[in-house]
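Before any comments, here is the structure.
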Number of protein chains: 2
Amino acid sequence: MAVINEDLAYDLGDFFKIFGDPTRIKILYTLLQREMCVSDLVAELNINQSALSHQLRILRQNDIVKFRRDGKSVIYSLDDEHVGILLRNGIEHISHKNAYDSEEEHK
Amino acid sequence: MAVINEDLAYDLGDFFKIFGDPTRIKILYTLLQREMCVSDLVAELNINQSALSHQLRILRQNDIVKFRRDGKSVIYSLDDEHVGILLRNGIEHISHKNAYDSEEEHK
DNA sequence: TTGATATATGAACAACTGTTCATATATTCA
DNA sequence: TGAATATATGAACAGTTGTTCATATATCAA
C-alpha cells in the first residue's frame, strides 16, 4: 500500500469534485428519485436553464448521468449505482455532525 | 421527499468539496492506514509544509481529522468512520470506469 | 534564556469554477 | 418551409481555491 498513486489522487479528487457543488447535488438528488427531462428540472429546481445545461454536461462527461432524447425533450437519469450510495453517505455524515452539534449546544 | 432542501444541498456540496482536492485525498488516504505527524506526512507525501498545514486545517475545521500534540509533533488521524467508506466508494467507481474504458478500447 | 525543530497562519497571487447573456442547434407541427 | 419549443454551447466575468513565501507560535534541550 504505502503512498497513494499520484494519478489516483487526482482522479479521486476530480471524482469528488463533481459532487462538490450545490447545483449538481440538487440535480442528482432529484434524479435519484426519478428520471426527468431538462425543462422539468428547470421548473422543479428553480435553476437557470443555461446553468442547468452546463452542469448536466459536466455530469454527462463524467458518466454520472445518462440521457436519451424523447421528441423535443432530453431525459436524464443516473448512470451509476454508486451515486446514490455516495449521496446517502454524505447525508449521513452531515446529519451525525448536526446531531452532535446540537448536543454540544445543551452543555 | 420531492425537492431537496436548499441548505442540505449546500452542506452536501461543501462536504464533498473537501474530498475534491488531490492534496487532501493524499493526506486522507495516508491517514486511513495509520495516524501520522505533520513532518512524516511532509516527508511521505512530498508536499510543501505550509500547503500541508493549510490543508490539515481545512480537514480539522470540517471534523474530518482529529489531532493531538506529542512533544514537538502534532499527530493527525481520521475522525470519522465515513471517510474510509467514502474513499473506497470513490476508488471503486474509478476502477469500474477504467475497467470499462479499457474494455471499450478493445472494440 | 537561547537555539533548534515542528507546526500554524496571513497575505498575495495565479488558476479554476459556476453563472449569466446571447446565440446556436435540434425537433415538432402547421 | 417557417414558427415555436427544448436544449446546448461559447464568451465574459466575478468569486473561490490552493499554493507559496514570509513569519509567528510552540515545545524541547542545553
Side-chain angles (χ1 to χ4, degrees), chain A residues 4 6-7 9-31 35-77 79, chain B residues 4 6-7 9-31 35-77 79:
Chain A
I4 187 173
E6 189 81 10
D7 288 341
Y10 275 84
D11 288 350
L12 265 179
D14 286 343
F15 174 64
F16 285 116
K17 207 172 286 179
I18 299 167
F19 300 88
D21 172 76
T23 300
R24 290 193 290 272
I25 290 286
K26 284 182 197 172
I27 296 170
L28 293 174
Y29 192 90
T30 306
L31 294 181
E35 61 174 21
M36 216 179 262
C37 73
V38 179
S39 46
D40 283 353
L41 283 168
V42 168
E44 181 133 349
L45 296 179
N46 212 37
I47 301 172
N48 174 294
Q49 183 270 318
S50 177
L52 182 63
S53 206
H54 280 297
Q55 296 307 336
L56 284 171
R57 180 167 46 140
I58 292 172
L59 295 172
R60 242 160 43 214
Q61 287 175 336
N62 287 280
D63 298 316
I64 305 294
V65 302
K66 61 188 175 200
F67 63 103
R68 65 175 200 278
R69 189 170 262 283
D70 178 21
K72 276 182 286 187
S73 300
V74 176
I75 297 169
Y76 281 84
S77 57
D79 187 23
Chain B
I4 186 172
E6 189 81 11
D7 288 341
Y10 276 84
D11 288 350
L12 265 179
D14 287 343
F15 175 64
F16 286 116
K17 206 172 288 179
I18 299 168
F19 299 89
D21 172 76
T23 302
R24 290 194 289 272
I25 291 286
K26 284 183 198 172
I27 296 170
L28 293 174
Y29 191 90
T30 307
L31 294 182
E35 62 174 23
M36 215 179 262
C37 72
V38 179
S39 44
D40 284 354
L41 283 169
V42 168
E44 181 132 350
L45 297 179
N46 212 35
I47 301 173
N48 174 296
Q49 182 270 319
S50 177
L52 182 64
S53 206
H54 280 297
Q55 296 306 337
L56 284 170
R57 180 167 47 141
I58 291 173
L59 295 173
R60 242 160 44 213
Q61 287 175 336
N62 286 281
D63 299 317
I64 307 293
V65 302
K66 60 188 176 198
F67 64 102
R68 65 175 201 278
R69 188 170 264 282
D70 178 21
K72 276 181 285 186
S73 301
V74 176
I75 297 168
Y76 281 85
S77 57
D79 187 23

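Residue numbers begin at 1 in each chain, while the letters A, B, ... track the order of the sequences.
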Atom CG of B/N46 with >12 non-hydrogen neighbours under 6.0 angstrom: no
Can you check the [X] [atom1] to [N] [atom2] distance for me, whole Å?
{"X": "A/D14", "N": "C/dT17", "atom1": "CG", "atom2": "P", "result": "8 Å"}
{"X": "B/Q49", "N": "D/dA22", "atom1": "CD", "atom2": "C1'", "result": "12 Å"}
{"X": "A/D21", "N": "C/dC16", "atom1": "CG", "atom2": "C1'", "result": "13 Å"}
{"X": "A/I58", "N": "D/dG10", "atom1": "CD1", "atom2": "C1'", "result": "14 Å"}
{"X": "B/K17", "N": "D/dG15", "atom1": "NZ", "atom2": "P", "result": "15 Å"}
{"X": "A/K26", "N": "C/dG18", "atom1": "NZ", "atom2": "P", "result": "14 Å"}
{"X": "A/L52", "N": "D/dA6", "atom1": "CG", "atom2": "C1'", "result": "12 Å"}
{"X": "A/F16", "N": "D/dT17", "atom1": "CZ", "atom2": "P", "result": "18 Å"}

Would you indicate, yes or no, if [N] has its OP1 or OP2 atom less than 4.0 angstrom from a side-chain nitrogen or oxygen of [X]?
{"X": "A/Q55", "N": "C/dT17", "answer": "no"}
{"X": "B/Y76", "N": "C/dA6", "answer": "no"}
{"X": "B/R60", "N": "C/dT9", "answer": "yes"}
{"X": "B/T23", "N": "D/dT19", "answer": "yes"}
{"X": "B/N48", "N": "D/dT20", "answer": "yes"}
{"X": "A/R24", "N": "C/dT17", "answer": "no"}
{"X": "B/S39", "N": "C/dT7", "answer": "yes"}
{"X": "A/R57", "N": "D/dT7", "answer": "no"}

Spacing of CD belonging to A/Q55 relative to OG belonging to A/S50, to within rounding of 0.5 Å: 10.0 Å
A/L52 to A/I47 - nearest heavy-atom pair and separation: N-CG2, 4.0 Å
Shortest non-hydrogen contact between A/L56 and A/V65, atoms and distance: O-CG2, 4.3 Å
Starting the side chain at C-beta, find the nucleotide from [options] nearest to [X].
{"X": "B/R69", "options": "C/dA6, D/dT7, D/dA26", "value": "D/dA26"}
{"X": "A/K72", "options": "D/dT19, C/dA8, C/dT27", "value": "C/dT27"}
{"X": "B/V74", "options": "D/dG18, C/dA8, D/dA26", "value": "C/dA8"}

Touch class at under 4.0 angstrom, heavy-atom based, for A/S50 against every strand present: base
Identified side chain to side chain contact (heavy atoms under 4.5 Å, CB included) counterpart of A/M36 within the set A/I75, A/V42, A/T30: A/T30
Close side-chain approach of B/D21 to B/I25, heavy-atom, < 4.5 Å: no
Face-to-face stacking of A/H54 with D/dT9, centres under 5.5 angstrom, angle under 30°: yes
Which residue lies more 5' along DNA chain C, comparing A/A51 with B/S53 via nearest heavy atoms: B/S53
